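First comes the structure, then the notes that go with it.
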Number of protein chains: 2
Amino acid sequence: MDKNNTLASLSGLAQMKKNVSVPARSNLCPVARFGEILAGKWATPVIYRLILADGPVRFNTLQRTLRPISQKELSRHLRHFEALGMVTRQVYAEVPPRVEYLVTDFGRTLREPIEALAHWAEQYFPVSGQVHAATPDQQHALVAAAQGDRA
Amino acid sequence: MDKNNTLASLSGLAQMKKNVSVPARSNLCPVARFGEILAGKWATPVIYRLILADGPVRFNTLQRTLRPISQKELSRHLRHFEALGMVTRQVYAEVPPRVEYLVTDFGRTLREPIEALAHWAEQYFPVSGQVHAATPDQQHALVAAAQGDRA
DNA sequence: CAGTATCCGTGGCGATACTG
DNA sequence: CAGTATCGCCACGGATACTG
């Protein structure tokens, strides 16, 4: 029924309005407020990736590990999280250019609630196909990727 | 989002999922799958209301306690949850007509993950304004409303 | 590599009107 | 009371092209 998600729904939920900025219309229930933060199909996967990485990750690395996210959506969500203070952006004056994203302590606080959701989904809607970083071995793969970025 | 019977326990769940129109494009991460279930601005508030009520609730009662949700969105989400086996719909042949919605055991499984979200939101994005049913006293108010429906 | 700019379809969501 | 029908806006999100 619903085309995308978003928790929004949670995804679908409220929106990160135009670009960036924190929606101020939050006289909603706590759940709805959560949805405002993690609005959009890819919001949760993106921040969760950075949480698991627990270190600087480059743009392309993120895009690869989150495939098939588009560049536009990835950068949009990153700027959103940056505005919320959940992610920091570090630019290195090199060639080729290098930009690294790093989850903040505040961003890390999302780990528990997100994993509660993931656990529920795995329990009641298990899937044989591609899983993004829910299993320990895939988490290791991601950490390895992040360490690759660091090196 | 954006857009479900009897005590559908885990045993009956697998079978039910076949018959029902769950978005089949779920080769996503668990988090994204959660978003597919609770897609839409009002999805989570609606199901959470029914979980807290823990008993039959009438359409109008739901709409009042979820204000300012529109009739269209409320009925849309209710039909969605009904199709997922998370809510049952009971129609009474009376005048004026009476329809009661009741959360199933399967629907109840959402309580924990949802409360994880709510707890996070309250901790980091507290709000002085209207809160929907997150506090104990408001839960009592809701339960009272549901009991009113039962009487 | 790390983005931004642009076009465009789909559909979520609100508002309003109508029905059994 | 409990909905459905219809209209319209615009945000989400994919695809593509371009840039420092």
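This is a predicted model, so every value here is computed, not measured. Throughout, a chain's letter reflects where its sequence line sits, starting with A, and its residues are numbered from 1.
Between C:dG3 and A:Arg76, no contact under 4.0 Å exists linking OP1 or OP2 to a side-chain N or O. Note on B:Trp42: a side-chain N or O is less than 4.0 Å away from OP1 or OP2 of C:dG14. Phosphate contact (OP1/OP2 of C:dT4, side-chain N/O of A:Ser75, threshold under 4.0 Å): present. Within the structure, every side-chain polar atom (N or O) of B:Arg58 is placed at least 4.0 Å from both OP1 and OP2 of D:dC1. Applying the 4.0 Å criterion to OP1 and OP2 of C:dA2, one finds that A:Arg89 has every side-chain N and O outside that range.
Counting any heavy atom pair closer than 4.0 Å across all strands shown, A:Tyr101 reaches sugar-phosphate atoms only and no base atom.
Partner of B:Tyr92 under the side chain to side chain donor-acceptor pair (under 3.5 Å) criterion, out of B:Glu100, B:Arg98, B:Arg58: B:Glu100 alone. Under the side-chain contact (heavy atoms from CB on, under 4.5 Å) rule, A:Val87 has a single partner from A:Ile51, A:Leu50, A:Val46, which is A:Leu50.
What separates CD of B:Glu36 from P of D:dG13 is a distance of 12 Å, to the nearest Å. Rounded to an integer number of Å, the gap from CG of B:Asn60 to P of D:dT4 is 13 Å. When the P atom of C:dG11 is taken as reference, atom NE2 of B:His77 falls 15 Å away, rounded to whole Å. For the pair B:Arg79 CZ and D:dA2 P, the computed distance is 15 Å after rounding to whole Å. The separation between A:Leu78 atom CG and C:dG3 atom P is 8 Å, rounded to whole Å. If you take CD1 of A:Ile69 and C1' of C:dA2, they are 14 Å apart, rounded to a whole angstrom. The distance from atom CD of A:Gln71 to atom C1' of D:dA17 is 11 Å, rounded to the nearest whole Å. Separating the CZ atom of B:Arg64 from the C1' atom of D:dA2 is a distance of 13 Å, rounded to the nearest angstrom.
Scanning both residues, B:Phe34 and A:Ala121, for their nearest heavy atoms gives N-CB, 4.1 Å.
Taking CZ of A:Arg111 as the start and CH2 of B:Trp120 as the end, the distance is 15.5 Å to the nearest 0.5 Å.
Along DNA chain D, the nucleotide nearest A:Pro97 and the nucleotide nearest A:Glu73 are compared for position; the residue whose nucleotide lies closer to the 5' end is A:Glu73.
Counting only N and O atoms by type, the side chains of A:Tyr101 and A:Gln90 include no donor and acceptor under 3.5 Å apart.
The base of D:dG14 lies close enough to the side chain of A:Lys72 for a donor and an acceptor atom to sit less than 3.5 Å apart.
The partner of D:dC12 is C:dG9, judged by Watson-Crick or G-U wobble contacts that both fall below 3.5 Å.
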